[in-house]
Amino acid sequence: MYHRLTIAFAFVASLAVSTAAFAEAVVLTVRASGLAAGSQSFTMAELDALPQIAFTTSTVWTDGKREFRGASVKALLEALGVKGTMVKARALNGYVVDIPVASLEAEAPIIASRIDGALFPRREKGPLWIIYPYDSSTRFQTETVYGRSIWQLHELRVE
Amino acid sequence: MLLGQIEPTSTGTVRVVGSLLVMLVVTVVAIFAYLQIERQLDHTMAVESDNRTWVLAQVEVDVQRLEIALLQAVLDPATAQLERVRLAFDILYSRAGLVRRTPTLDALSIRQSDSWARLAGSEGLISAFLPLIDGPDDDLRSALPDMARKVRDLGVPVREMVVTAMSETMQLSDAARSELRETLYTFLVALVVTMIALTFLLATIYRLASAQKRYAKMLELAVHNLRATIESARDAVLIVNESNAVIAANKAGEEMLGREISRASPIPLQQFLILPDGSAPPENIRTSMECVSATGARLPVEVMIAPALTATGHNFKVAFLRDMSEQLERERRLAQATELARKGEETKDRFLAVMSHEMRTPLSGLLSAVDLLETSTELDTQQARLVDIVRGCGLGALEQVNNILELTRLSAKDANDYPHSDFDTGEIIQQLIRQYEVLAVRRGNTIRFVDQGQCHSRVRAPLPLLRRIVNNLLSNAIKFTRDGLIEVRLAAEPAEVPGFCTIRLAISDSGVGIAEADLERIFHNFETLDTSYSQAQEGTGLGLGIAKLAVEAMGGQISVESRLGEGTCFTVEFVAEVLDHDVQSHDAALHQPDQPMALKILLAEDNEINCALMERQLNRIGHQVTTASDGEEAIAAATADRFDIILMDISMPKVDGVTATGVLRQRGLIGTTPVIALTAQAAPNRVQMLRDAGMADVVIKPVAIGLLDQIMQRLVLQGQRSAITEGPADPGLIDSRQLDDLICDMGADFLRSMVARFENDMQATLLNLAAALESRDPKAVSGLAHKAAGAAAVLTFSALSAELRALENAAPDEPPESLSDRYRRIEKLRTESLADMQHRLHAA
């Protein structure tokens, strides 16, 4: 009990600390040939400035239904004017997955930055998690889609 | 039943139900199996999609990365490097959180393993590192080597833990696969069974369909036959619905009704079948009605309406109409033919009767003339023979005519039309036998009467019929027998009905007999039997036929037994009512007993007033009265005319009543006419004296007309009756009726000349008779008597004729004295009869 309390305190503390840092720190890098200097970095604030999409869904990694909020991947790429066929998504631990550009829908997937309205740290698979609205359709309940639901998103490389 | 019972088999239904049940069960199983599969597939997908193995493997990788990051940070404790350590720790931390939470790892033992506790447990490495990671950089920097070492220590256990988990995973996968396989297998089996059941079901359905088809075919055939039957019927068959409208008809029906009938437009039955009161025809009985067709034609029909029920329980009626016009026409024609035949019969009978009557008159005249010819003229031998022939032929002709008349009468009437009279059977039969004795003797036959214990009471029966029967049978018996014996047996015994007796009369002869083959034929009219005898057999063959009819008219039976050459016996049996010995029993011979007769009365009364009074009284009750004022006048009146009854006042001047009566009797002028004495003296001995004097009855003055009438009626009836029962032995001198007939036929003048001739002849006969008696020549006596008797009979001298006949019969046997007595009687009778005749002829 005591131990858990400690963890909880630590978590909140780190959260508080990192929140400030987050506002300034780069959370996502987009690399594409059409971009100036070949890449574009985003802070959390910059990501938040994009049109936000929110939906509630359950996932195989979480308990119950949670509200996920973030910018649509497709919208992000369009905002950057980036064109390509494949998006390579890389996580902080080096996990890479290919997401075809054609499979990107207007509202799915999103780069979720808020779970139930709150930021989530690295230790909770944050700060960014590619989330699909799994409950809304069986097409989001496939192995492929689960594979594309990369957490601790770090980089998007468009090819 | 027109159709056999046709029903689809029920076993098919059982099979269908069975198959459906099996299919239901199997379907449930299949659905269950499918759900299982789906769950397992989900599970598998979830497992697959989560990459259970990847996660496990990554645990080890993330631990290794942390170790590397820590070692690098030991070598190069720059802040950037520390960040890397922090990153690696966070990644491991999140990985541990994933392992802790992922439901797909629930089945594994990893979370319970020691190594896991050391890594991620509450006392484990991650928890231990947490404050350092989150602490300041310097603290972290200094702890680095220690942390590295700890991580390194955990390397092998973690590896083992992962490997164990991996193998468990593989086992689980295998198990899941087998489970899936089994489920699939179950599913497949369910499917196969379903298929089999389906096939079975299909087969059953097919079989059912065939059965139905066969059933339908049979039904169709039956319906077709039924329809053909109904259509081929000549009678109209109409289907009538509940509201009495015709909705269907067979061909005959449409023809009869004159139009097509369809269900769509029903026509009320009343339009075709008209009952007088406009009601519906009654059900379940045949009714004769008229059918009006649509063309307006009217047809007599016989209608039969039967209620019925449809298969669905609705009421309707079936009407059968039969065209009766043919039948009616046939009946009408038959009735017509019958009527014609009957009329024909009537006409024929009438014709026969009229013809017979017409023929009788000349025949009777012929016979009378022949008799007179024989008796009042001198004939030589040849002439006598010819006269005999003429008489024979005449008699024969007359007999035939009479027979035909009799036959006609018998066949037209029945016993009730014949007047019944009261008589003694034995007496009658004996009388009849006596009549035939002469005829029998002529052929050498003897007639014997045998009384077989007949009851001696009187009977009531149709006497004329009995006479006819006995006559015909006797005459036949005599005719067909020569030198033989004819026996008449009479027996009577009580009948079943009380008050009646059965009379049995058997007439047998020892004559030529009848062949067995002819026994039936003889009763037929106009049948005669050919015999080998050459003598002319008289008769047309009607005798037996008439006798039979007469017997049957009496309600009796006639039978015959015969043997050819030996003889014949006819037996007649009939039932008659038995009467007590009662002379006073009513007589219906000529008149209805209750009906008073109108009488011709001679009233002799000297008192003018009394006379006039009685005359008027008698006239008023319907009688015809002639008056005489004294005995002399009475005698004159009685001589001049015949009366039914004479009312004689006793005390009269000149000639009194008794004297007058005596004179009249003596002269034979009143015969059996009853005389009633009217007297004021009521003394009993006086009455007796009057009776002794020959008065039928005595009435005391003053006379009560009602009583007098009763007495008169009675006496007249009695007189008539005794006249019948005594038959031809009529004591009267002259047979009045016969005389009347003779006068009618011949005329009084002619008769007078005949009588004159007879008188002369009689004179001669008497002389000869006297001579023959003197010389005791019976043959001569008989011959003379015979001749005279015939003549006398012809001229209606019945008493004289009878007496002469008696002499004829007695001559061979009786002693001369009695013969002389007879002779004297004959003489006297001759005088009296002639006198009587003169009077009558004078009056005529």
Check: Looking at CD1 of B:I91 and NZ of A:K125, how far apart are the two atoms once the value is rounded to the nearest 0.5 Å?
Finding: 13.0 Å
Margin query: The criterion is ring-ring contact (aromatic ring centres under 6.0 Å, His included); which residues satisfy it with A:F42, sequence neighbours excluded?
Written below: none
Item checked: A:R123 side chain reached by B:D134 side chain, heavy atoms, under 4.5 Å -> yes
Margin query: Does B:E168, at its CD atom, have more than 12 non-hydrogen atoms belonging to other residues, nucleotides or ligands within less than 6.0 Å?
Written below: yes
Notebook entry, point to check: Does atom CZ of B:R159 have more than 12 heavy-atom neighbours, drawn from other residues, nucleotides or ligands, at distances under 6.0 Å?
Noted result: no
Margin query: Does atom CG (B:D114) have a neighbourhood of more than 12 heavy atoms from anything else shown, all under 6.0 Å?
Written below: no
Checklist line | Portion of B:R86 that has a non-hydrogen atom of chain A nearer than 4.5 angstrom | finding: both
Next item on the list: Under the side-chain hydrogen bond (donor to acceptor under 3.5 Å, both in side chains) rule, collect the residues that match up with B:T183, sequence neighbours excluded.
Entry: B:Q40
Check: Closest approach of B:R95 and A:W151, non-hydrogen atoms and distance?
Finding: NH1-CZ2, 4.1 Å
Item checked: Where A:Q152 and B:S94 come nearest, the two heavy atoms and their spacing -> NE2-OG, 2.9 Å
Next item on the list: Check A:N93 against B:Q58 and note the closest heavy-atom contact, atom names and distance.
Entry: ND2-NE2, 4.0 Å
